[in-house]
K.L.:
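Could you have a look at this structure, given as structure tokens, before my questions?
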Amino acid sequence: MSTPDERPPAAPLDKVDDTVGGAVDGKVDGVVDGVVPPEEGGRGMRALTSDTFSAMDAIGGARGVVESVAPGLLFVVVYLATGQQLRPALIAAAGAALLAVVVRLVQRTPVTQALSGVIGVGIGVVWAWRTGDASDYFAYGLWVNAAYLVGTLATVLVGWPLVGLVMGLFAADGPLSGGPWRNVVAWREDRELRRIYTLATLPWVAMFALRLVVQVPLYLNDDVAWLGTAKLAMGVPLTALVLWISWVLVRPAQQLVRARAAQEHPEQEPSSHP
């Protein structure tokens with residue numbers, strides 16, 4: 001029989017990554033990946049829980065960058081190179097997204113990030129194909145950013161900041177480590193933690209707002225070249241920067257949580273006596 005103290009084992013990290021890690025992200029694409037030891041770093045918003053920060057790891061490595069950038073880059077390049085012909089550009093973008101999924105399937109690696117890219121590119125391709133307007137390839141992305149802006153801002157206004165929910169989800173006693181789901185929001189009882197997590201969520205609000213401020217006028221003016229360039233520049237690079245800013249802002253919270261845990265469980269600290 002199991003003892004009362006036993007808990008079911010936490011889900012393997014590779015499985016957790018597939019279901020959670022890519023949700024915010026560049027897709028906050030996403031984001032914005034379970035729990036990993038601090039020294040192992042993290043991908044997506046899981047990077048906020050790490051003691052060290054790697055921009056490349058946070059955005060999914062070199063492969064993640066290529067998979068995120070290639071469809072949009074090819075769309076703009078092919079569109080301009082063919083004299084602003086829409087069909088070749090759409091085919092190039094769709095082909096790049098599908099190729100990323102096929103390569104991952106062949107290599108038997110997680111397809112979550114590539115698959116989410118296919119969905120986004122697919123919607124953009126169909127939208128632009130039906131309207132015949134190249135700018136509409138980017139319309140879906142603008143709507144997604146608008147939704148993220150509203151949703152992220154709402155979490156701040158109602159006192160449940162997004163970064164706090166992420167930190168609670170990936171906490172050592174959080175549900176992804178086998179803890180109860182109530183621990184996801186345990187930090188709300190601490191005024192200082194609420195303040196820190198709210199502050200760390202504001203860069204995400206600013207990023208989504210800035211994307212719309214810059215890209216919507218370009219979309220309305222049908223300036224495909226500049227719109228595509230802005231989308232690329234404000235995609236992976238800006239997401240990595242916002243992840244780093246949030247990571248810096250949550251450091252005091254991490255230190256505070258660890259200090260309080262040490263005070264509550266002093267017996268877990270190594271003894272200084274033989």
Side-chain angles (χ1 to χ4, degrees), residues 1-25 27-54 57-58 60 110 112-113 116 151-152 154-156 158-204 243-244 246-271:
M1 294 180 62
S2 301
T3 62
D5 292 333
E6 288 182 338
R7 288 180 177 176
L13 288 179
D14 58 340
K15 299 300 183 184
V16 175
D17 283 349
D18 267 356
T19 56
V20 180
V24 183
D25 352 101
K27 300 175 174 69
V28 189
D29 119 281
V31 125
V32 51
D33 277 5
V35 178
V36 295
E39 65 273 9
E40 289 188 20
R43 187 179 65 185
M45 293 196 77
R46 190 180 71 178
L48 300 181
T49 66
S50 303
D51 279 348
T52 59
F53 182 83
S54 168
D57 289 343
T112 306
Q113 182 171 345
S116 64
T152 307
T155 67
V156 172
V158 301
W160 297 74
L162 173 64
V163 169
L165 298 176
V166 170
M167 297 299 290
L169 188 66
F170 295 145
D173 59 351
L176 297 183
S177 291
W181 278 95
R182 65 175 179 273
N183 287 345
V184 173
V185 294
W187 50 268
R188 294 195 75 250
E189 300 176 2
D190 190 304
R191 183 175 180 180
E192 181 63 14
L193 290 179
R194 290 203 312 270
R195 184 190 67 81
I196 293 173
Y197 292 149
T198 298
L199 185 62
T201 302
L202 293 180
W204 294 93
L243 276 168
W244 177 76
S246 287
W247 177 82
V248 170
L249 292 174
V250 299
R251 290 308 88 213
Q254 291 287 75
Q255 296 169 1
L256 183 61
V257 169
R258 290 171 186 170
R260 290 177 179 175
Q263 291 177 354
E264 294 174 2
H265 306 284
E267 69 281 359
Q268 296 181 2
E269 296 183 357
S271 175

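Here the structure is a predicted model, which is why all the values come from computation and not from measurement.
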K.L.:
Can you sort out the partners of Val185 under side-chain contact (heavy atoms from CB on, under 4.5 Å), two or more places apart, ordered by chain and number?
P.N.:
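For Val185 the side-chain contact (heavy atoms from CB on, under 4.5 Å) partners, ignoring immediate neighbours, are Trp160, Leu165, Arg188.
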K.L.:
Could you tell me whether the side chain of Ser246 and the main chain of Leu243 form a donor-acceptor pair under 3.5 Å?
P.N.:
no
K.L.:
Per the side chain to side chain contact (heavy atoms under 4.5 Å, CB included) rule, which among Thr198, Val156, Thr201 passes with Leu162?
P.N.:
Thr201
K.L.:
Over all heavy atoms of both residues, which pair between Glu189 and Arg194 is shortest? Give the atoms and the distance, please.
P.N.:
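Looking at all heavy atoms of both residues, the shortest contact is C-NH1, 4.2 Å.
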K.L.:
Is there side-chain contact between Arg251 and Asp51, with at least one heavy-atom pair below 4.5 Å?
P.N.:
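Yes. Closest side-chain heavy atoms under 4.5 Å.
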K.L.:
Does Trp187 reach the side chain of Pro161, with side-chain heavy atoms less than 4.5 Å apart?
P.N.:
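Yes, side chains in contact.
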K.L.:
Of all the heavy-atom pairs spanning Pro175 and Gly168, show the shortest one and how long it is.
P.N.:
CD-O, 4.0 Å
K.L.:
Got a second to check how far Leu48's CG is from Tyr197's OH, nearest 0.5 Å?
P.N.:
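So the gap between those two atoms works out to 9.5 Å.
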K.L.:
Testing the basics here: between Phe53 and Ala47, what is the closest heavy-atom pair and its distance to 0.1 Å?
P.N.:
CE1-CB, 4.1 Å
K.L.:
What is the distance from atom OG1 of Thr152 to atom CH2 of Trp204, rounded to the nearest 0.5 Å?
P.N.:
8.5 Å
K.L.:
Check whether any side-chain heavy atom of Val163 lies under 4.5 Å from a side-chain heavy atom of Trp247, and answer yes or no.
P.N.:
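Heavy-atom side-chain distance check fails, nothing below 4.5 Å.
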K.L.:
Do the side chains of Asp57 and Ser50 get nearer than 4.5 Å, heavy atoms only?
P.N.:
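Ser50 does not reach Asp57 side chain to side chain.
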K.L.:
Is there side-chain contact between Leu169 and Trp181, with at least one heavy-atom pair below 4.5 Å?
P.N.:
yes
K.L.:
Got a second to check how far Glu192's CD is from Ile196's CD1, nearest 0.5 Å?
P.N.:
4.5 Å
